[in-house]
**Student:** 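Would you mind keeping the following structure in view while I ask a few things?
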Amino acid sequence: GRVVVITDPFREAQKMRDGAILVASMTTPEYVLVMKKARAIITDHGGMTSHAAVVSRELGIPCIVNTKVATRVLKDGDRVEVDAERGIVKKI
């Protein structure tokens, strides 16, 4: 899918399209509306019980947390493949 980097869900929610890959430093409850549109979620920070991990399990979408560099490496419009089973994000 195509990457959409969101740093402020209140100001940038309109950037998120259905089926896009959400990339954020971390997520909070304010991100839920954009998370519901995502095909997958990638964050810089977090763990198994982080907001992104819990909500993605609830929504049934792949999530990779704690990449440490996703928001620096990935840019809006990049095409990526997310393999949450193996914890791999690959630029296409």
**Student:** Could you tell me which residues satisfy salt bridge (Lys or Arg N to Asp or Glu O under 4.0 Å) with D8, sequence neighbours excluded, listed by chain and number?
**Tutor:**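 In terms of salt bridge (Lys or Arg N to Asp or Glu O under 4.0 Å), with neighbours along the sequence ignored, D8 is linked to R11.
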**Student:** Please write out which residues are connected to V32 in a hydrophobic cluster, directly or through intermediates, given that two of Ile, Leu, Val, Met, Phe, Trp, Tyr count as joined at side-chain heavy-atom separations below 4.5 angstrom.
**Tutor:**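 Once heavy-atom contacts under 4.5 Å are chained together, V32 still belongs with nothing else.
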**Student:** Output every pair passing side chain to side chain donor-acceptor pair (under 3.5 Å) with a member in residues 54-64, not counting sequence neighbours, ordered by first then second residue.
**Tutor:**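 Every candidate side chain to side chain donor-acceptor pair (under 3.5 Å) pair involving residues 54-64 fails, so no pair, neighbours aside, qualifies.
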**Student:** So do the side chains of K75 and V3 get within less than 4.5 Å of each other, counting heavy atoms only?
**Tutor:**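 The answer is no; the side chains never approach within 4.5 Å.
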**Student:** Please determine whether the number of non-hydrogen atoms from other residues, nucleotides or ligands lying under 6.0 Å from atom NZ of K36 exceeds 12.
**Tutor:**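 12 or below, so no.
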**Student:** Just by distance, do the side chain of R2 and the backbone of G77 share a donor-acceptor pair under 3.5 Å?
**Tutor:**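 Looks like yes, one N/O pair under 3.5 Å.
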**Student:** Do you know the tightest heavy-atom contact between M35 and L22?
**Tutor:**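 That would be CG-CD2, 3.7 Å.
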**Student:** I'd like to check the side-chain hydrogen bond (donor to acceptor under 3.5 Å, both in side chains) partners of E30; sequence neighbours left out, ordered by chain and number.
**Tutor:**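 Only T28 meet the side-chain hydrogen bond (donor to acceptor under 3.5 Å, both in side chains) criterion with E30.
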**Student:** Does the side chain of H45 come within less than 4.5 Å of S50's, by heavy atoms?
**Tutor:**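 S50 does not reach H45 side chain to side chain.
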**Student:** Excluding sequence neighbours, so at least two apart, what forms salt bridge (Lys or Arg N to Asp or Glu O under 4.0 Å) with K91?
**Tutor:**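 Here the qualifying residues are D78.
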**Student:** Please say yes or no: joined through hydrophobic side-chain contacts below 4.5 Å, possibly via intermediate residues, are I41 and L74 part of one cluster?
**Tutor:**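 No; tracing contacts between hydrophobic side chains, which count when under 4.5 Å, never links both residues.
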**Student:** Out of V73, V5, T67, which residue meets the side-chain contact (heavy atoms from CB on, under 4.5 Å) rule with I42?
**Tutor:**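 Exactly one candidate clears the test, T67.
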**Student:** Would a single hydrophobic cluster contain both V65 and L59, if residues Ile, Leu, Val, Met, Phe, Trp and Tyr are joined by side-chain heavy-atom contacts under 4.5 Å?
**Tutor:**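 Unlinked, L59 and V65 end up in two clusters.
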**Student:** For residues P62 and A84, report the shortest heavy-atom separation together with the two atoms involved.
**Tutor:**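 Result for this residue pair: CB-CB, 3.7 Å.
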**Student:** Please write out which residues are connected to V54 in a hydrophobic cluster, directly or through intermediates, given that two of Ile, Leu, Val, Met, Phe, Trp, Tyr count as joined at side-chain heavy-atom separations below 4.5 angstrom.
**Tutor:**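 V54 shares its hydrophobic cluster with no other residue.
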**Student:** Quick check on side-chain contact (heavy atoms from CB on, under 4.5 Å): which of V4, V89, V82 does I21 satisfy it with?
**Tutor:**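 Running side-chain contact (heavy atoms from CB on, under 4.5 Å) over V4, V89, V82 with I21 returns exactly one hit, V82.
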**Student:** Each residue besides I92 in its hydrophobic cluster should be listed here, by chain and number; the cluster joins Ile, Leu, Val, Met, Phe, Trp and Tyr at side-chain heavy-atom distances under 4.5 Å.
**Tutor:**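 Its cluster mates, by chain and number: none.
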**Student:** Apply side-chain hydrogen bond (donor to acceptor under 3.5 Å, both in side chains) to T71 and list each qualifying residue two or more places apart in sequence or on a separate chain.
**Tutor:**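 Testing T71 for side-chain hydrogen bond (donor to acceptor under 3.5 Å, both in side chains), a comparison that skips the adjacent residues, returns D44.
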**Student:** For K68, give me all partners under side-chain hydrogen bond (donor to acceptor under 3.5 Å, both in side chains), at least two apart in sequence or on another chain.
**Tutor:**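 Testing K68 for side-chain hydrogen bond (donor to acceptor under 3.5 Å, both in side chains), a comparison that skips the adjacent residues, returns N66.
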**Student:** Considering residues at least two apart in sequence or located in another chain, which fulfil the side-chain hydrogen bond (donor to acceptor under 3.5 Å, both in side chains) criterion with T27?
**Tutor:**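 T27: side-chain hydrogen bond (donor to acceptor under 3.5 Å, both in side chains) contacts with H51.
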**Student:** List the residues meeting salt bridge (Lys or Arg N to Asp or Glu O under 4.0 Å) with K15, not counting sequence neighbours, and say none if there are none.
**Tutor:**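 K15 satisfies salt bridge (Lys or Arg N to Asp or Glu O under 4.0 Å) with E12, D76 once adjacent residues are dropped.
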**Student:** At their closest point, which heavy atom of I64 faces which heavy atom of G87, and how far apart are they?
**Tutor:**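 The pair with the smallest heavy-atom distance is CD1-C, 3.7 Å.
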**Student:** Looking at residues at least two apart in the chain, or sitting in another chain, which of them share a side chain to side chain contact (heavy atoms under 4.5 Å, CB included) with L33?
**Tutor:**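 So L33 forms no side chain to side chain contact (heavy atoms under 4.5 Å, CB included) with any residue.
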